[in-house]
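Inspection log for the structure reproduced underneath, given as structure tokens.
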Amino acid sequence: MTGSEARNGALDDRYNAAVRAAVVAGAFTLVVAALMLYDFALRGEKHPMETVAYKTAILAAREQPDNAAVLEQMRLLDERLRQEYFRQRAFSAIGAVMLAIGAAVCAAAAKAASVLRRSLPLPQAAAEGDLVGQQAQWARWSVGAAGLFVLGVIVGLGVGVSSPLPRHRGDGPLAQAEPVDRPGAGGQIAALQPGGPTSSSEKPGGEKPSEAHPADDLPTNPQASTPAGGVDGPKPSGATADEVFSAEEYLAAWPRFRGPEGTGVARAAIKAAAFDGAAGEGVVWKSPIPLPGNSSAVVWGKRVFVTGATETKREVYCFDAEDGRLLWSRPVEAAAGPPPKVLDATGYAAPTAAADGRRVYAVFADGSLAAFTFDGEPVWHKQLGVPENSYGHAASLLNYGRLLLVPFDQGHKAAEAKSRLLAIDSRSGEIVWQAVRETPNSWATPLVASIAGRMQLITAADPWAISYDPSDGRELWRAKVLRQDVGPSPTFFGDRVYTVSEFPALTAIKADGEGDLTRDKETAKQYLLWKGEDNLPDTAGPLALERWVFIASSNGILTCYDAQSGEMLWDKEFEDSAFSASPSWAGGKLFLIDTEGRAWWIEPSETEGKAVIEASLGEGCVSSPAWQPGRIYLRGKKHLFCLRAD
């Protein structure tokens, strides 16, 4: 090979390398630009101070400067909006640098390739020399244009990144407000002492809602003498008999999702019986529900309550338990701004209402929360804010004495700590306490009961099962046993709590510990009694008895575990079925209903689950039944059913 050929080969190699570098840098620049444009397109208002929620909160704080609850909510909203705002600014700044680097590398590589490919001009070829000069001029113009483009991007993004907001909340519009004390472990619990009503209205007859009491005025009531631990709840000083339900009243009703203790176990006298909703066999009555919803029915005395909603409407319904007449329906005011995006499988009325014998409480996907008397008179109304939830808000309400407990998990990362567990005075709508939760959005409904000799409020979300004292929100214990989307609600029997999600396991937790029960291997071995990993559900909660624990999966499999050892005893597949409703226990048998409305009464043993009765609702069903003596109240896709079970 001659020296000339070697030099030409080396030039070709450098040219090819320059071209490849230009192509890669150009592609990188385009990808970064596309990501930044996408991020800008997703942004709403220019900065947090222009959001409707922020302006509304500021107005409320100015109108009620002495209301600690309003000020605390304002601070939480302010902090969340600022975090998101500055995240966007940081994203823009980093993107600008990456865009500039990519464009510069692309321009430099293109320039190098142009120079390496340029032919040397020959003296006798004047026309060709002119062409080379033109190519050089085009290259200079290209590099100059690229430089101007990069400079423009940097200047533009610099303007976009500059913040009209102070970086610290102390410099904001609430800088002069006094902070709310946060007693409790690690500052997670905010014990609020509101000074006046928030979004509440007068009671019927002109009676004004009672003042909210501080959390310290809420002593824990003694345990009710019931097999699994009753729920009586705290009574404020001077409380009269009609202000707080008794344990007997509460346990006789079906006042919340999956019954008084959230277990799906019926205490009422029930006899397994077949029914056919389409033909009317075994049907006491069925009534149409005006608006769609996936909430379950709750029953107290002669009243049955359900909720319904669409993108533009939210309503609470009260039916006569004896004949199915619609006694009243009441609208609930929507939250300001656009409605949340929800999946059809969740809908706008997925959370089940709660009743306490005096009032019924309902919450919807947009964070609208309302209370009505049993006669349909409005008591109070609150806007909790539209929750940031992947599929739509679905966790249901529950009562503890005069407290209404509101699970409000949201967000996509635990570290964001956007989730809240609220305890609201059921008479006035005032926040009594709230726990800040380092968990993302979840769909599990808590339970409150006497477990292991103390009242416990059990929650489940990625990655923690957490027990709180329901009187004041103090954390009792936590266990790292969950992961990803947590839909199934926890349950318990005796001193054991059971949690499950599709990932990672069904877990039996000994619930008499303190602190993090999974902080080390020895502690976990003591409190995590066993785990089951077969046929796990993504929606239906577990059913726990003394001998067995049952789970029903979305692919139509019922599985039985030994409650003591955790051994899987058997499973039973239901062909072409999917279970969304949690299994129940009534009349000594297991009751299952699938999403198509097909139902079974199962007689379990150590070796099998024998279907003794098969029934049909005649329409789809994803709700759990409400049990009363000789009756099953069940919400279908379109109707509310009262079925005979006597």
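Heavy atoms only: backbone and side chains are in, while hydrogens, waters and symmetry mates are out.
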### Query
Does A417 offer a backbone N or O that forms a donor-acceptor pair with the side chain of R420 under 3.5 Å?
yes
### Query
Is any side-chain heavy atom of W300 closer than 4.5 Å to a side-chain heavy atom of V360?
no
### Summary
Closest non-hydrogen contact found for D516 with T523 is O-CG2, 4.0 Å
### Query
What pair of heavy atoms forms the shortest contact from A365 to P340, and how long is it?
O-CG, 3.6 Å
### Task
Could you grab the distance from atom CD of E475 to atom CG of L457, nearest 0.5 Å is fine?
11.0 Å
### Query
Do E333 and K382 pass the side chain to side chain contact (heavy atoms under 4.5 Å, CB included) test, and can you show the C-alpha distance, the side-chain angles, and the key distance before you say yes or no?
CA-CA 9 Å; E333 182 182 347; K382 294 180 75 69; over 6 Å; no
### Query
Is a side-chain donor or acceptor of R496 paired with a backbone partner of A563 at a separation under 3.5 angstrom?
yes
### Task
Among D538, N389, T539, D485, find the one that has a side-chain hydrogen bond (donor to acceptor under 3.5 Å, both in side chains) with W443.
N389
### Query
Got a sec, which residues hit side-chain contact (heavy atoms from CB on, under 4.5 Å) with A461, two or more places apart in sequence or on another chain?
D409, R437, T439, S442
### Task
Run through I431, L398, L421, L397 and flag the one making a side chain to side chain contact (heavy atoms under 4.5 Å, CB included) with V406.
L397
### Query
Does Y250 have its ring centroid less than 6.0 Å away from the ring centroid of F245?
yes
### Task
May I ask you to test the W433-D469 pair for a side-chain heavy-atom distance under 4.5 Å?
no
### Task
Report yes or no: does D366 contribute a side-chain atom to a donor-acceptor pair with the main-chain N or O of A334 at less than 3.5 Å?
no
### Task
Identify the heavy atoms of S368 and Q383 that sit nearest to each other, and give their distance.
OG-OE1, 3.1 Å
### Query
Would you say the side-chain atoms of W627 pair up with the backbone N or O of G259, donor to acceptor, closer than 3.5 Å?
no
### Step-by-step salt bridge (Lys or Arg N to Asp or Glu O under 4.0 Å) determination, D425 to R427
CA-CA 6 Å; D425 188 302; R427 301 161 302 175; 3.0 Å; yes
### Query
Given the rule in the side chain to side chain contact (heavy atoms under 4.5 Å, CB included) test, do K510 and D495 qualify, once you have shown the distances and angles that lead to the verdict?
CA-CA 6 Å; K510 194 168 184 289; D495 65 350; 4.1 Å; yes
### Message
Please check: side-chain N/O of S426 versus main-chain N/O of R402, any donor-acceptor pairing under 3.5 Å?
### Response
yes
### Donor-acceptor contact below 3.5 Å, side chain R258 vs main chain P583
yes
### Query
Of all heavy-atom pairs between L482 and A460, which one has the smallest distance, and what is that distance?
CD1-CB, 3.7 Å
### Message
For K521, is there any backbone N or O sitting under 3.5 Å from a side-chain donor or acceptor partner on Q526?
### Response
no
#### Entry: S295-T307 side chain donor-acceptor pair, cut-off 3.5 Å
yes
### Query
Where the side chain of T445 meets the backbone of S489, is there a donor-acceptor pair that is under 3.5 Å apart?
no
#### Entry: Side-chain heavy-atom pair L476, Y468 within 4.5 angstrom cut-off
no
### Query
Which heavy atom of Q564 sits nearest a heavy atom of E546, and at what distance?
NE2-O, 3.5 Å
### Message
Side chains of Q456 and W477: any donor to acceptor distance under 3.5 Å?
### Response
yes
### Task
Walk me through it: do L536 and I551 pass the test side chain to side chain contact (heavy atoms under 4.5 Å, CB included)?
CA-CA 7 Å; L536 301 176; I551 54 175; 4.2 Å; yes
### Message
Are Y348 and H393 an aromatic pair, judged by ring center distance below 6.0 Å?
### Response
no
### Query
When the ring planes of Y498 and W530 are compared, do they come out parallel, tilted or perpendicular, using 30° and 60° as the limits?
tilted
### Task
Without swapping roles, check the side chain of S296 against the backbone of S624 for a donor-acceptor pair under 3.5 Å.
yes
### Message
If the condition is salt bridge (charged side-chain N to carboxylate O under 4.0 Å, His left out), which residues does R330 pass it with, not counting sequence neighbours?
### Response
none
### Message
Contact between Q484 and E502 at the side-chain level, heavy atoms closer than 4.5 Å - yes or no?
### Response
no
### Query
If you round to the nearest 0.5 Å, how far is OG of S467 from CD of E514?
8.5 Å
### Task
Starting at CG of L369, measure out to CG of L404 and round the result to the nearest 0.5 Å.
6.0 Å
### Query
Does some side-chain heavy atom of R478 sit less than 4.5 Å from a side-chain heavy atom of L517?
no
### Query
Quick one: CG on L545 to CZ on R547, what's the gap to the nearest 0.5 Å?
9.5 Å
### Message
I'd like to know if the side chain of S582 and the backbone of A540 have a donor-acceptor N/O pair within less than 3.5 Å.
### Response
no
### Query
Hey, what do you get for CZ (F550) to OH (Y561), rounding to the nearest 0.5 Å?
12.5 Å
### Query
Do the side chains of P625 and Y633 get nearer than 4.5 Å, heavy atoms only?
no
### F374 vs R359, side chain to side chain contact (heavy atoms under 4.5 Å, CB included): CA-CA, chis, key distance, verdict
CA-CA 5 Å; F374 270 26; R359 291 168 290 274; 5.5 Å; no
### Query
Taking the six-membered ring for Trp, is the centroid-to-centroid distance between Y361 and F372 below 6.0 Å?
no
### Message
If I compare all heavy atoms of L403 with all of P470, which pair ends up nearest, and what's the gap?
### Response
CD1-O, 3.5 Å
### Task
Would you indicate whether the side-chain heavy atoms of L384 and L422 approach each other to under 4.5 Å?
yes
### Task
Please examine the side chains of V497 and I451, heavy atoms only from C-beta on, and report whether any two atoms are closer than 4.5 Å.
yes
### Query
So how far is it from R519 CZ to Y527 OH, rounded to the nearest 0.5 Å?
7.0 Å
